[in-house]
Amino acid sequence: MSHSSFNNIAYIGLGSNLGESLTLLTQATSTIASHPDITLQQCSSWYQNPALTLSENPLQSTPPNDYLNGVIKLSTRLSPIELLDTLQDIEQQYGRVRTEVRWEDRTLDLDILLYNNKTFSSERLTLPHSQLHTRAFVLYPLHEIEPHLTLPDGQKLNNLIHQVSNKELEKIDVSS
């Protein structure tokens with residue numbers, strides 16, 4: 001089938017802080033790219049950052065591992081909910097276990113950050129991602145692949161990245 005029907009653009013945030021995170025993220029990106037209804041357009045660098053702190057997650061009893069995060073841009077024939085289902089299936093393939101504890105350690109976390117220029121809200125999915133504008137580990141890799149992006153509410157990504165600190169964000173060199 002022609003790729004011209006892949007006319008929906010989505011940005012996906014990827015994260016991992018359990019197991020061999022770099023390997024998991026690289027393999028998960030390949031798994032996403034191999035889906036028949038998805039074409040991978042771009043992949044950011046990987047960034048290491050501390051997990052959300054215990055004060056933000058009182059149910060977590062031990063300090064969490066650092067995260068590796070990145071963003072991919074893809075085109076797809078899938079609707080937002082179909083894409084969410086696909087990404088959650090991939091998370092499960094990579095050992096993701098969902099519990100009631102928010103922000104716990106995980107092998108793989110895949111979040112739809114943006115889908116076309118849509119705003120959407122349901123019990124399962126909010127677009128754009130509700131925390132997009134507050135998280136350096138999402139904004140910086142997103143800016144790396146799409147520096148002139150304007151969000152559905154009119155905010156420019158160039159402006160948003162200056163409103164969050166990136167002092168705890170470290171770009172990972174994977175060339176070695």
Side-chain angles (χ1 to χ4, degrees), residues 1-19 21-47 49 52 67-157 160:
M1 171 166 257
S2 150
H3 288 302
S4 62
S5 62
F6 288 66
N7 55 358
N8 299 302
I9 299 296
Y11 297 89
I12 310 301
L14 299 90
S16 174
N17 76 333
L18 274 183
S21 292
L22 184 59
T23 301
L24 287 165
L25 292 170
T26 304
Q27 289 174 346
T29 300
S30 295
T31 301
I32 294 166
S34 70
H35 191 282
D37 295 317
I38 294 173
T39 300
L40 182 65
Q41 302 286 328
Q42 285 180 280
C43 184
S44 74
S45 302
W46 301 111
Y47 292 80
N49 59 284
L52 295 173
Y67 266 89
L68 276 187
N69 290 95
V71 171
I72 58 173
K73 176 183 180 181
L74 52 86
S75 57
T76 183
R77 288 187 285 231
L78 300 173
S79 71
I81 294 298
E82 290 170 331
L83 181 58
L84 177 65
D85 289 341
T86 298
L87 295 175
Q88 288 181 342
D89 287 347
I90 292 169
E91 286 178 339
Q92 283 190 302
Q93 287 175 40
Y94 284 86
R96 170 78 186 264
V97 177
R98 291 186 182 278
T99 68
E100 68 282 348
V101 179
R102 275 187 92 171
W103 303 313
E104 68 182 344
D105 292 342
R106 51 194 66 156
T107 54
L108 184 62
D109 187 29
L110 301 173
D111 290 322
I112 302 173
L113 304 173
L114 296 159
Y115 184 97
N116 292 336
N117 210 19
K118 282 188 194 261
T119 55
F120 175 82
S121 188
S122 74
E123 193 175 297
R124 293 187 59 211
L125 180 64
T126 300
L127 294 171
H129 189 284
S130 62
Q131 300 298 312
L132 170 69
H133 62 285
T134 65
R135 295 185 170 163
F137 62 84
V138 171
L139 291 173
Y140 280 83
L142 182 58
H143 183 264
E144 179 184 318
I145 61 175
E146 205 68 67
H148 303 293
L149 187 68
T150 300
L151 302 184
D153 66 2
Q155 291 189 82
K156 296 200 179 310
L157 188 57
L160 285 175

Would you check if the side chain of [X] reaches a backbone N or O of [Y] as a donor-acceptor pair within less than 3.5 Å?
{"X": "Asp37", "Y": "Arg77", "answer": "no"}
{"X": "Thr126", "Y": "Ser121", "answer": "no"}
{"X": "Ser21", "Y": "Ser16", "answer": "yes"}
{"X": "Asn116", "Y": "Lys118", "answer": "no"}

| Flag side-chain contact, heavy atom, 4.5 Å: Leu114 against Leu142 |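 Contact flag for Leu114/Leu142 side chains = yes.
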Where do [X] and [Y] come nearest, in terms of heavy atoms and distance?
{"X": "Tyr115", "Y": "Ala10", "value": "CD1-CB, 4.0 Å"}
{"X": "Ile81", "Y": "Ser122", "value": "CD1-OG, 4.3 Å"}
{"X": "Ser45", "Y": "Pro141", "value": "O-CB, 4.4 Å"}

| side-chain contact (heavy atoms from CB on, under 4.5 Å) evaluation trace for Ile112 with Ile12 | CA-CA 5 Å; Ile112 302 173; Ile12 310 301; 4.0 Å; yes
| said: Out of the candidates Leu68, Asn69, Val71, only one should pair with Phe137 under the side-chain contact (heavy atoms from CB on, under 4.5 Å) rule; please name it. | reply: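 Single side-chain contact (heavy atoms from CB on, under 4.5 Å) partner of Phe137 among Leu68, Asn69, Val71: Asn69.
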Roughly how far, to the nearest 0.5 Å, is the [atom2] atom of [Y] from the [atom1] atom of [X]?
{"X": "His35", "Y": "Asp89", "atom1": "NE2", "atom2": "CG", "value": "8.5 Å"}
{"X": "Leu157", "Y": "Thr150", "atom1": "CG", "atom2": "OG1", "value": "8.5 Å"}
{"X": "Leu110", "Y": "Glu91", "atom1": "CG", "atom2": "CD", "value": "4.5 Å"}

| message | Show, in sequence, the C-alpha distance, side-chain angles and deciding distance for Thr31 and Tyr94, and conclude whether the side-chain hydrogen bond (donor to acceptor under 3.5 Å, both in side chains) test is met. | response | CA-CA 10 Å; Thr31 301; Tyr94 284 86; 2.5 Å; yes
| message | Between Leu78 and Asp85, does the side-chain contact (heavy atoms from CB on, under 4.5 Å) criterion hold? Intermediate values first, please. | response | CA-CA 10 Å; Leu78 300 173; Asp85 289 341; over 6 Å; no
